[in-house]
Amino acid sequence: MRKPIIAGNWKMNKTISEAAQLIGDIKRETLNQSVEAVLCVPYLSIGKAKEMTEGSGIKIGAQNMHWEENGAFTGEISPIMLNELKVDYVILGHSERRQYFNETDETVNKKVHSAIAHGIAPIVCVGETLEQRRDNRHKEIVRDQVKGAFLDIDKNDAKKTVIAYEPIWAIGTGETASSEQAEEMCALVRNTIEEIYDAETAESIRIQYGGSVKPGNVSELMSMDNIDGALVGGASLKSSDFVKLINY
Ligand code: 13P
């Protein structure tokens with residue numbers, strides 16, 4: 001049985017004091033403990049977020065990291081730094097990082113290796129552009145992204161990861177993929193994991209859908225066989241919405 005996992009990706013939003021306010025508001029509500037709640041906050045707020053969520057069951061994630069442990073990489077954050085803060089998850093290969101910061105399947109793969117080696121669970125993002133979907137290349141693109149991210153990753157390590165299918169055309173646009181479209185692609189991701197490893201690994205790995213998930217569409221998405229969670233941008237920035245998502 002896969003435990004549902006709903007993660008907020010705050011992206012480049014919230015100062016440390018604003019983050020503290022939002023986490024305080026979330027903590028005042030009762031959260032369904034059978035759903036894993038994760039907050040992927042900006043680096044600067046990770047320390048505060050960990051301190052405030054201790055004992056609450058809420059997990060904390062980073063939104064990116066470098067694969068090296070240290071060195072001359074100005075502006076980067078390493079897995080060792082994240083480990084000191086006891087970060088639970090790290091989002092890797094988000095489409096905004098692929099689009100604006102030149103992330104490739106190769107760098108995503110290096111980061112997946114590094115995160116696993118340092119005991120941080122990766123949330124690996126994949127997803128096609130609108131153009132790729134119109135050209136009917138979305139399945140091939142997503143299959144290749146999964147294969148690229150998991151290159152030479154051991155099967156027991158693969159089981160520790162979460163994969164987020166996020167069609168780029170549905171991110172921040174208000175246009176959600178239909179639950180059938182989301183299910184079809186999450187099933188494709190699971191089949192790809194089965195191709196790389198085996199059926200048991202594919203059955204155990206959790207797959208999220210991301211792209212304009214909100215309180216009004218979360219339960220239908222979560223009712224799909226291959227959708228085990230959601231990676232949420234906009235709706236995770238408002239405590240009442242995020243709480244509704246966790247308590248879907
Ligand atoms: P929105 O929920 O704002 O569409 O963002 C989705 C996303 O990119 C989560 O990583």
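Quick note: numbers below take in every heavy atom, side chains included, and nothing from hydrogens, waters or symmetry partners. Just follow the structure's listing: the first ligand is 1, and inside any ligand the first atom is 1.
Counting all heavy atoms, side chain and backbone alike, Tyr197 lies closest to Phe150 at OH-O, 3.5 Å.
Residues Glu103 and His94 have side chains that never bring a donor and an acceptor to within less than 3.5 angstrom of each other. For Thr129 and Gln132, the side-chain atoms include at least one donor-acceptor pair closer than 3.5 Å. Residues Ser78 and Glu69 have side chains that never bring a donor and an acceptor to within less than 3.5 angstrom of each other.
No donor-acceptor distance shorter than 3.5 angstrom exists from the side chain of Arg97 to the backbone of Asn64, with no hydrogens or angles considered.
Listed by chain and residue number, the protein contacts of ligand 1 are Asn9, Lys11, His94, Glu166, Ala170, Ile171, Gly172, Gly211, Ser212, Leu231, Val232, Gly233, Gly234 (heavy atom within 4.0 angstrom).
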For this session: Test salt bridge (charged side-chain N to carboxylate O under 4.0 Å, His left out) on Asp198 and Lys155 and set out the steps.
Result: CA-CA 9 Å; Asp198 51 34; Lys155 127 177 168 172; 2.6 Å; yes
